[in-house]
Asks: 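The structure is given below, and queries will be raised subsequently.
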Amino acid sequence: MDLLNLEPAWPVTQGREDDLYFYLEAIEEYLPDNRVRVTGHGEMIMLGSYSYLGLNGHPAINAAAMQAVQRFGTGTHGVRMLAGTLSIHKELEAKIAEFKGTEDAATFSSGYFANVSTIAALVGRHDTVICDKLDHASLIDGCRLSGAKLVRFAHNDMADLERCLKHPAFTGKKLVIVDGVYSMDGDIVNLPEVSRLCREYGATLMVDEAHSLGMLGETGHGVEEHFGLPADTVDVKMGTLSKAIPSVGGYIAGSHELADFLRHEARGFVYSAALPPASAAAAIAAFDIIENEPERVQRLHDNTEYFADGLREAGFSFLESPTSVFPIMCWDDWAAWKFARNCQRKGVYVQAIPHPIVPKGLARLRAAVNATHTRQDLDFCLSVLQEAAEEVGGILGEDRSLDTPEMARHASRSVMSEGPVSGV
Ligand SMILES: Cc1ncc(COP(=O)(O)O)c(C=O)c1O
């Protein structure tokens, strides 16, 4: 084992020695009202979960999962192609297609798998994938596995995207991949312009809706609804069942031809076990609840606005995120670790996001509000954030994202184009 370097890129040892390390702590119970009990730390209010609509533990979803266990047991004992396809898999795929306004959908055992195996199935070494610089790691891993040329344009910078689409060196099929909502910065893709450019230059468009499903649009249908664009704006619609939907799994929604192709060619579909029955049933029930309780989405939007106002008033920089993902900027890694630990000690569950998850100099806390936080909860969290920041000193205040050339190059603003074509 000594021959392998087993030291993570994160400063884990020092974090543990300084009692700043809070990752992988076990939640032993979900309590009502967004509270969790964490082993060794007691009760905390959750401000770091992806459960944007607060659906985890919803009685109808729990009941659907339990009924599926009664009917099918706990496993599928097979890949979908062989013995693993259940009627609820087909029901779930039809539900996703209906929700996203497509002909069909294929499900995978995780969102990560959906991305990696779809991209690897759609493009190969003679093709080009053009990704936003802040695209999720699973998208980048899929591009690498595909062997296609990987080009990364400056974040949400449409001029840079167009330069990439026009560039004579980027040949073969062109696949443009963006996130609906960027998972660490919380901003929204410029979908009208991305889709216009894709049509103009004959590129296929894939959008990862891990964080926009259930969050964007008046009724939570996602990024097309947010912009009032037709359902066929996006060719390859990816999403997860692990965030607003309280389950696990990933999907690709699109044409029949696309879904059928993936069911036979995407290695993560063909060679990996089918979704467990309880997970599929929970996801179906959750889509129904989003359709039937649109007030949840409205509450999420109201809470987002309220929390953003509170952060702004307190002087925090959160990159003016317009969604319920709030990057509370600390800039320095250790400041973020200390700030997060102070919050945790005061009963707020929120995590630090240091390098290497984000570029050096852009460390932050990643807070997320949900539809079921009360105003009292949010006020409490805001006051804890302020106290915790004051104890660390120097976090509140001006935007430092352009302080150094490295930070500027990677910072989450569209002004950082690296010249004609970035990140080739
Ligand atoms: C943007 C994005 N895409 C894909 C994934 C992977 O999804 P899953 O966790 O369901 O595997 C994530 C997970 O955090 C994500 O944030």
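When a ligand or atom number is given, it counts from 1 through the structure's own listing order. These numbers come from a predicted model, not from an experiment.
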Asks: For Tyr23, look at atom OH and say whether over 12 heavy atoms of other residues, nucleotides or ligands are found less than 6.0 Å away.
Replies: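 More than 12 heavy atoms, drawn from other residues, nucleotides or ligands, come within 6.0 Å of this atom.
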Asks: Which protein heavy atom lies closest to atom 5 (C) of ligand 1, and at what distance to 0.1 Å?
Replies: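 Checking every protein heavy atom, the shortest distance to atom 5 (C) of ligand 1 gives His136 CE1, 3.4 Å.
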Asks: Among all protein non-hydrogen atoms, which one is nearest to atom 13 (C) of ligand 1, and what is the separation to 0.1 Å?
Replies: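 The answer is Lys243 NZ, 2.9 Å.
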Asks: I need the contact type for Asp179 against ligand 1. Using non-hydrogen atoms and a strict under-4.0 Å cut-off, is it side chain, backbone, both or neither?
Replies: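 Side chain only; the backbone of Asp179 stays clear of ligand 1.
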Asks: How about His136 and Tyr112: are their ring centres within less than 6.0 Å of each other?
Replies: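 No, they do not, as the ring centres are separated by 6.0 Å or more.
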Asks: Starting from atom 3 (N) of ligand 1, find the nearest protein heavy-atom neighbour and note its residue, name and distance.
Replies: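 Protein heavy atom at minimum distance: Asp208 OD2, 2.6 Å.
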Asks: Does Ser138 have a heavy atom less than 4.0 Å from any atom of ligand 1?
Replies: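 Ser138: in contact with ligand 1 (<4.0 Å).
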Asks: Which heavy atom of the protein is the closest neighbour of atom 6 (C) of ligand 1, given with residue, atom name and distance?
Replies: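 Ranked first by proximity to atom 6 (C) of ligand 1 is Tyr112 N, 3.4 Å.
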Asks: Ignoring hydrogens, just give me the one of Ser247, Ser109, Gly239, Ser242 whose non-hydrogen atom is nearest atom 10 (O) of ligand 1.
Replies: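 Nearest heavy atom to atom 10 (O) of ligand 1 lies in Ser242.
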Asks: I'd like to know if Asp208 and Lys237 make a salt bridge, using a cut-off of under 4.0 Å between side-chain N and carboxylate O.
Replies: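 Salt bridge flag = no for Lys237 with Asp208.
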Asks: Tell me: protein heavy atom nearest atom 16 (O) of ligand 1, and distance?
Replies: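 Answer for atom 16 (O) of ligand 1: His211 NE2, 2.7 Å.
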Asks: So, are Arg35 and Asp377 salt-bridged, with charged N and O less than 4.0 Å apart?
Replies: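 Salt bridge between Arg35 and Asp377, a charged N being under 4.0 Å from a carboxylate O: yes.
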Asks: Under 4.0 Å from a heavy atom of Ala210: which atoms of ligand 1 are those, numbered in the order shown and with their elements?
Replies: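 Taking each heavy atom of Ala210 in turn, ligand 1 has 1 (C), 2 (C), 3 (N), 15 (C) under 4.0 Å.
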Asks: Please check if any side-chain donor atom of Glu28 sits under 3.5 Å from a side-chain acceptor atom of Thr39, or the reverse.
Replies: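 Note: Glu28 and Thr39 side chains meet the donor-acceptor criterion.
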Asks: Give yes if a backbone or side-chain nitrogen or oxygen of Tyr50 is under 3.5 Å from a nitrogen or oxygen of ligand 1, and no if not.
Replies: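 Looking only at distances, the answer is no, because the N/O contact criterion of under 3.5 Å is not met.
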Asks: Within a reach of under 6.0 Å around CD of Glu257, are more than 12 heavy atoms found that belong to other residues, nucleotides or ligands?
Replies: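 No, not enclosed.
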Asks: Are a donor atom and an acceptor atom from the side chains of Gln14 and Tyr21 found within less than 3.5 Å of each other?
Replies: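 There is no such pair (donor and acceptor under 3.5 Å, judged by atom type) between the side chains of Gln14 and Tyr21.
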Asks: What residue and atom, counting heavy atoms only, is the protein's closest point to atom 8 (P) of ligand 1, and at what distance?
Replies: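 Answer for atom 8 (P) of ligand 1: Gly111 N, 3.5 Å.
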Asks: Heavy atoms only, cut-off 4.0 Å: how does Asn115 contact ligand 1, side chain, backbone, both, or neither?
Replies: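 The side chain, only.
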Asks: Does a donor on one side chain and an acceptor on the other come within less than 3.5 Å for Asp141 and Asn115?
Replies: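 The criterion, which ignores hydrogens and geometry beyond distance, is not satisfied for Asn115 and Asp141.
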Asks: Any salt bridge between Asp19 and Arg345, counting N to O under 4.0 Å?
Replies: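 Looking at Asp19 and Arg345, the cut-off is met.
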Asks: If you measure every N or O of Met238 against every N or O of ligand 1, does any of those distances drop under 3.5 Å?
Replies: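 There is no such contact.
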Asks: Any nitrogen or oxygen of Thr240 lying under 3.5 Å from a nitrogen or oxygen in ligand 1? Just yes or no.
Replies: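 No: no nitrogen or oxygen of Thr240 is under 3.5 Å from one in ligand 1.
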